There are 2 protein chains.
Amino acid sequence: MNINNISEYLAQHGVRPSYQRTEIYKYIINNKSHPTAEMIFKKLAPAIPTLSKTTVYNTLKLFTDKNLVRILTIEENEKRYDAVSVVHGHFKCEVCGGIYDFDIDLSNIDEKIPDHFSIKNYQINLSGICNNH
Amino acid sequence: MNINNISEYLAQHGVRPSYQRTEIYKYIINNKSHPTAEMIFKKLAPAIPTLSKTTVYNTLKLFTDKNLVRILTIEENEKRYDAVSVVHGHFKCEVCGGIYDFDIDLSNIDEKIPDHFSIKNYQINLSGICNNH
DNA sequence: GTATCTGCAAAACATTTGCAATTCT
DNA sequence: AGAATTGCAAATGTTTTGCAGATAC
């Protein structure tokens with residue numbers, strides 16, 4: 001996404017583009033690391049000295065409500081956040097903690113769930129050992 | 001599984017079958033609800049008055065280490081536990097909170113992830129609205 | 001000037017840990 | 001007796017909430 005258009009993009013999704021919100025959203029889309037609230041805070045705090053963790057949490061909640069980001073539950077003890085985009089899966093390396101995206105084909109998943117169930121969200125999370133180990 | 005053989009089954013997996021452990025494991029396999037630690041504690045405490053939440057947590061950790069149960073991260077804020085069995089997916093209803101199992105076919109997932117990645121665990125978690133709403 | 005946003009401090013909640021008492025063999 | 005297990009109490013770590021001050025429209 002064009003960075004210059006982030007404010008506009010947030011506004012289109014019903015989020016008033018404050019400085020903090022714009023920076024947080026920019027960080028999420030520019031970092032494929034699927035960051036936690038803590039990671040976002042640690043990374044942005046030096047550049048935004050007044051930033052508080054509460055604002056990070058408030059903002060992530062707002063983004064989630066507005067469907068701008070999606071909560072990833074690949075970690076057992078903290079949430080990660082992913083910019084909403086095409087459906088994809090995640091692989092978490094148990095050794096280095098790295099998270100890798102991969103394509104998935106869910107074209108036949110609808111036939112696996114009962115009739116009249118409506119799917120709102122997908123999470124395909126694998127874990128194991130990546131090729132650096 | 002035959003309830004009478006639970007002690008034996010635990011022992012075979014390197015878990016000494018204390019009363020608490022046997023009851024906790026029995027509860028997990030007899031309840032397809034993928035319970036949380038809290039649910040297990042609340043349900044078993046009346047019958048085992050001395051039971052503590054710490055023991056529930058200790059036991060779930062032990063079962064997880066021994067590969068008897070698997071942690072499910074379908075909830076955003078608490079862990080659920082699933083008896084280890086054939087690979088299957090989970091659908092969580094956002095309205096009633098119910099969790100439904102469904103079959104999945106992962107025969108072609110290996111080709112989607114990079115070479116030399118070894119998969120240890122799968123989690124296929126969907127959410128949406130079930131057919132009761 | 002009023003509504004919104006931010007951020008500190010405190011609370012809430014799930015989970016873990018230290019350790020003493022209990023239980024099992 | 002010795003080792004493993006249990007459970008209370010306290011600590012930890014993440015996330016949420018109350019609220020006062022700051023900011024934006």
Side-chain angles (χ1 to χ4, degrees), chain A residues 6-8 10-11 13-25 27-28 34-66 68-82 97, chain B residues 6-8 10-11 13-28 33-66 68-82 97:
Chain A
I6 286 185
S7 295
E8 197 182 323
L10 293 181
H13 286 76
V15 171
R16 288 170 55 173
S18 74
Y19 176 51
Q20 288 88 336
R21 290 171 178 175
T22 309
E23 290 301 308
I24 291 170
Y25 190 70
Y27 181 77
I28 294 171
H34 314 302
T36 63
E38 178 77 18
M39 289 163 70
I40 295 170
F41 175 73
K42 279 247 178 67
K43 195 65 189 301
L44 295 183
I48 313 172
T50 67
L51 184 68
S52 77
K53 218 175 264 187
T54 302
T55 296
V56 174
Y57 278 110
N58 286 344
T59 301
L60 290 169
K61 175 95 170 58
L62 179 66
F63 287 173
T64 305
D65 291 345
K66 299 297 185 181
L68 284 162
V69 303
R70 196 171 280 142
I71 294 171
L72 221 76
T73 59
I74 196 167
E75 301 284 350
E76 284 159 13
N77 55 347
E78 61 186 347
K79 297 175 187 171
R80 285 176 171 268
Y81 294 86
D82 202 4
Chain B
I6 286 186
S7 294
E8 197 181 324
L10 293 182
H13 286 75
V15 171
R16 288 172 55 172
S18 74
Y19 177 50
Q20 288 89 336
R21 290 171 178 175
T22 308
E23 290 302 307
I24 291 170
Y25 190 71
K26 199 194 294 180
Y27 180 78
I28 294 171
S33 53
H34 313 302
T36 63
E38 178 76 20
M39 290 163 70
I40 295 169
F41 175 74
K42 279 246 179 66
K43 195 67 191 298
L44 296 184
I48 313 173
T50 67
L51 184 66
S52 77
K53 217 175 264 188
T54 301
T55 296
V56 175
Y57 279 111
N58 286 344
T59 302
L60 290 170
K61 174 96 170 56
L62 179 66
F63 286 173
T64 305
D65 290 345
K66 299 296 188 183
L68 284 162
V69 302
R70 196 171 280 142
I71 294 171
L72 223 75
T73 59
I74 196 168
E75 302 282 352
E76 284 159 12
N77 55 349
E78 60 186 348
K79 298 175 187 170
R80 285 177 171 268
Y81 294 87
D82 201 5

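Because only heavy atoms are used, hydrogens play no part in the values below, and waters and symmetry mates are left out as well, while side chains stay in. Quick note on labels: first sequence line is chain A, next is B, and so on, each numbered from 1. All values reported here derive from a predicted model rather than from experimental measurement.
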Quiz prompt | Nearest atoms (heavy-atom pairs only) where A/F41 meets A/L51 | solution = CE1-O, 3.4 Å

Quiz item: Phosphate oxygens OP1/OP2 of C/dC5: is one of them under 4.0 Å from a side-chain N or O of A/T55?
Solution: no

Quiz prompt | Residue whose closest nucleotide on DNA chain D lies nearer the 5' end, B/E76 versus B/L51 | solution = B/L51

Quiz prompt | Whole-Å gap separating P (C/dT16) and CD (B/E78) | solution = 13 Å

Self-check item: Sub-4.5 Å side-chain heavy-atom contact between A/Y81 and A/T64
Solution: yes

Quiz prompt | Selection from C/dA14, D/dT15, D/dG7 that lies nearest to any side-chain heavy atom of B/S52 | solution = D/dG7

Exercise. Figure out the CZ/C1' separation between B/F41 and C/dC13, and round it to whole Å.
Key: 15 Å

Self-check item: Nearest to side-chain heavy atoms of B/R21, which nucleotide of C/dG7, C/dT15, D/dT6
Solution: D/dT6

Self-check item: Distance-minimising heavy-atom pair for A/G97 and A/R80
Solution: O-NH2, 4.4 Å

Practice problem: Taking only the side-chain nitrogens and oxygens of A/Y57, find out if one of them lies under 4.0 Å from OP1 or OP2 of D/dT16. | Solution: no

Quiz item: So does A/T50 get a side-chain nitrogen or oxygen closer than 4.0 Å to the phosphate oxygens (OP1/OP2) of C/dG7?
Solution: yes

Quiz item: Going from CD on A/E75 to OG1 on B/T73, what distance comes out if it is rounded to the nearest 0.5 angstrom?
Solution: 9.5 Å

Exercise. For B/E23 and D/dT6, give me the distance from atom CD to atom P, rounded to whole Å.
Key: 12 Å

Exercise. Using whole Å, report how far CG of B/L10 lies from P of D/dA4.
Key: 18 Å

Practice problem: Could you work out which one of C/dT15, D/dC25, D/dT6 sits closest to the side chain of A/R16? | Solution: D/dC25

Exercise. Compare the minimum distances between each of D/dA9, C/dT6, C/dA14 and the side chain of B/T54, then state the nucleotide with the smallest one.
Key: D/dA9

Practice problem: Can you tell me the distance, in whole Å, between the CG atom of A/L62 and the P atom of D/dT16? | Solution: 13 Å

Self-check item: A/Q20 side chain, from C-beta outward: closest of D/dG7, C/dT4, C/dT6
Solution: C/dT6

Self-check item: Upstream residue (5' side of DNA chain D) when A/E38 and A/N58 are each assigned their closest nucleotide
Solution: A/E38

Quiz prompt | Atom-to-atom span, CD1 of B/I24 to P of D/dT5 - whole angstrom | solution = 13 Å

Practice problem: State whether B/K79 places a side-chain N or O below 4.0 Å from either non-bridging phosphate oxygen (OP1 or OP2) of C/dT16. | Solution: yes

Quiz item: Considering all heavy atoms of both residues, which atom of B/D82 and which atom of B/H34 are nearest to each other, and what is their separation?
Solution: OD1-ND1, 3.0 Å

Quiz item: What is the distance from CG of B/N77 to C1' of D/dG13, rounded to the nearest Å?
Solution: 14 Å

Quiz item: Starting at NZ of B/K53 and ending at P of C/dC13, how long is that distance when rounded to a whole Å?
Solution: 11 Å

